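These figures come from a predicted structure and were not determined experimentally.
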Amino acid sequence: MEDIFQWCKEGNALQVRVWLDEPEHDMNQGDDHGFSPLHWATMKGHNKIVEMLLLRGARVNATNRGDDTPLHLAAAHGHREILGMLLRQKADVNFTNEHGNSPLHYACFWSYETVAEDLVHHGAKVSIANKYGDIPLDKARGSLAKTLHDIAVENGQDLKKIKFKDQSWLGMKTRSRDATLSRHKGINFKELDLKHKIAESHSGTTYRGRWQNNDIVAKVLNVREITARISRDFNEEFPKLRIFSHPNILPVIGCCNDPQNLIVISQFMPLGSLYNVLHEGRGGIVVDTAQALKFAIDIAKGMAFLHSLERTIPEYFLNSRHVIIEDDLTARINMGDAKFSFQEKGRIYYPAWMSPEALQKKISDRNWEASDMWSFAILLWELATREVPFPDQSPMEVGMRIALEGLRITLKPGISPHLSKLIRICMNEDPGKRPKFDMVLPILEKMTR
């Protein structure tokens, strides 16, 4: 049996690389103690594997059963280079485990002076108290306490003791191995605890709930009758949505296929979709120009990855409702919003984001990569204007007018000239002249400098 955890412990970088190349493998699963592959590689000091996992999108702030993040382990074992990699990936420098200890507590206790200094320079607070009332400086030996105190003062830290605060409720635990199903294994409906309805659409009803100690969303598909053929097609198509190997793709983690229900299960994200964040104020997030560009880059990276695979799903329509925002404001393409082959063929519900040819032609007759690029252009416009395209018209009217009357979004004067130019290029009326996502990424990244 393949054991990613053992390979990460041993430092077998070749086997880890081969394992990661399979999109269906979940690098953020936890073993029986909640240690992810990143936890083990960090603890054992395997720099190359840590770097590989981070590049592939491993969750840097995932916690094990004791609420240790990889940063706790890097600090506790004195792995300074790995600590630097984790900090560059925005690891939470002040996260506390079940004992209330921060990474700085451990660096001080084990007298890793340079590691402790690095942590304080990156914002680690010297005055966080653990469950027992001890701050990191209480654990420091010799002159280290004074050195760290002086660095904290230089960096403007308030040295007043900060009382212990339980952070275990934040829901950062690794997914259990049971919650990362094998390709053909399904979930028993009775195992799902569906607490309350959070959304309803033409394709299905979405509930928030719990499964295998994981916070989930479960989408119950709208299917008039679950025939033997539909059940078979669901079993064949569902595994293609389990794309765990990219940080900007949100995979489906499980499914339920029984005579009464077809259910797709994904990880719960409190902020919801990009549409929720932009137009409904979810999370109170201010989407300034810099954040808008970061969202655009994340989406482009995710779509570039999807386009590098074989056509994995029957239909996927890119729009702001189908992009999920993580707590750290990473944008991820939601595989749970893919449309199965047996779902309402020919029905379209968000035409404002769709290209003219996607509205006119059958799937087999259109360039789906070029159609996705048109949809991305609408997303860029949406991010730049914070507006919904064609809000005063019905979806049917919008679809008809885009396809037959040349209805297009208006590039307003407030949009930067560079972004306006990119939107025009991505919306070229000739699908063959639209760029690929890997061509768009360098342009977007240049705009952030």
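- When ring centroids are compared, H322 and F317 stay outside the 6.0 Å threshold.
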Checking side chain to side chain donor-acceptor pair (under 3.5 Å) for the pair S231/N257: CA distance, chi angles, key distance, verdict? CA-CA 7 Å; S231 180; N257 182 351; 3.0 Å; yes

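- In summary, of the residues considered (F376, W374, W368), a side-chain contact (heavy atoms from CB on, under 4.5 Å) with D372 occurs for W368 alone.
- The distance from atom CD1 of I216 to atom CE of M269, rounded to the nearest 0.5 Å, is 13.0 Å.
- Using cut-offs of 30° and 60° on the angle between ring planes, the pair W353 and Y350 is perpendicular.
- When each of D68, D67, T69 is paired with N97, the side-chain hydrogen bond (donor to acceptor under 3.5 Å, both in side chains) condition holds for D68 and for no other.
- H122 contributes no side-chain N or O that, together with a main-chain N or O of L119, makes up a donor-acceptor pair within less than 3.5 Å.
- Between H121 and N155, the closest heavy-atom pair is ND1-ND2, 4.0 Å.
- Judged by distance alone, the side chain of Q157 and the main-chain N or O of V126 form a donor-acceptor pair under 3.5 Å.
- The main-chain N or O of P251 is never found under 3.5 Å from a side-chain atom of R242 such that the two would form a donor-acceptor pair.
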Check the pair D21 / R17 against salt bridge (charged side-chain N to carboxylate O under 4.0 Å, His left out), numbers first and verdict last. CA-CA 6 Å; D21 283 341; R17 182 179 292 109; over 6 Å; no

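- Checking side-chain atoms of H72 against main-chain N and O of N101 turns up a donor-acceptor pair under 3.5 Å.
- Atom OG1 of T410 sits about 9.5 Å away from atom CD of E387, to the nearest 0.5 Å.
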Just list the side-chain donor-acceptor pairs under 3.5 Å for residues 284-292, sequence neighbours left out, or say none.
{"unit_1": "D288", "atom_1": "OD1", "unit_2": "A290", "atom_2": "N", "d": "3.3"}
{"unit_1": "D288", "atom_1": "OD1", "unit_2": "Q291", "atom_2": "N", "d": "2.8"}

Run D138 and Y132 through side chain to side chain donor-acceptor pair (under 3.5 Å) and show every step you take. CA-CA 11 Å; D138 296 330; Y132 318 103; over 6 Å; no

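- Scanning both residues, P270 and D327, for their nearest heavy atoms gives CD-OD1, 3.6 Å.
- Smallest separation of non-hydrogen atoms from L159 and A152: CD2-CB, 4.0 Å.
- Expressed to the nearest 0.5 Å, how far NZ of K190 lies from CG of D258 amounts to 10.0 Å.
- Ring-plane geometry between W19 and H25 is classed as parallel, the angle between the planes falling under 30 degrees on a 0 to 90 degree scale with a further cut at 60.
- Here the CG-NE2 distance, from L309 to H246, works out to 9.5 Å after rounding to the nearest 0.5 Å.
- The NZ atom of K161 lies 7.0 Å from the CG atom of D134; values are rounded to the nearest 0.5 Å.
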Salt bridge (charged side-chain N to carboxylate O under 4.0 Å, His left out) evaluation trace for K436 with E369: CA-CA 8 Å; K436 306 288 187 186; E369 291 98 335; 5.4 Å; no

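- Not counting sequence neighbours, the partners of D337 by the salt bridge (Lys or Arg N to Asp or Glu O under 4.0 Å) test are K219.
- A donor-acceptor contact shorter than 3.5 Å links the side chain of H46 to the backbone of K9.
- Judged purely by atom type and a 3.5 angstrom limit, N334 has no side-chain atom pairing as donor or acceptor with the backbone of I324.
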Given side chain to side chain donor-acceptor pair (under 3.5 Å), test E200 with T206 step by step and report yes or no. CA-CA 6 Å; E200 193 161 7; T206 303; over 6 Å; no

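- At distances below 3.5 Å, not a single donor-acceptor pair connects side-chain atoms of E445 with backbone N or O atoms of I297.
- Between W381 and L411, the shortest heavy-atom contact is CD1-CD2, 4.1 Å.
- With sequence neighbours excluded, the residues forming a ring-ring contact (aromatic ring centres under 6.0 Å, His included) with F35 are H39, W40, listed by chain and number.
- Residues H279 and E382 bring a donor and an acceptor atom of their side chains to less than 3.5 Å of each other.
- Looking only at distances, no side-chain donor or acceptor of K195 sits under 3.5 Å from a matching main-chain atom of Y207.
- Not a single donor-acceptor pair under 3.5 Å links the side chain of R59 to the backbone N or O of G57.
- For the pair S36 (side chain) and N28 (backbone), a donor-acceptor distance under 3.5 Å is absent.
- A salt bridge links D215 to R210: one of the charged nitrogens lies within less than 4.0 Å of a carboxylate oxygen.
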Run the side chain to side chain donor-acceptor pair (under 3.5 Å) check on N276 and S273 step by step: do they pass? CA-CA 5 Å; N276 297 143; S273 70; 3.1 Å; yes

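- Between E81 atom CD and L86 atom CG the span is 11.0 Å, to the nearest 0.5 Å.
- Below 30°, between 30° and 60°, or above 60°: for F234 and F340 the angle between ring planes is between 30° and 60°, a tilted geometry.
- Checked against L379 for a side-chain contact (heavy atoms from CB on, under 4.5 Å), the options N319, I423, L278, L318 give a single hit: L318.
- The cationic atom of R208 (NZ for Lys, CZ for Arg) lies less than 6.0 Å from the six-membered ring centre of F268 and within 45° of the ring axis.
- In terms of heavy-atom proximity, A91 sits nearest to V60 at CB-CG2, 3.8 Å.
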Take D118 and R80 through the salt bridge (charged side-chain N to carboxylate O under 4.0 Å, His left out) test and state the conclusion after the steps. CA-CA 8 Å; D118 288 349; R80 188 183 184 193; 2.6 Å; yes

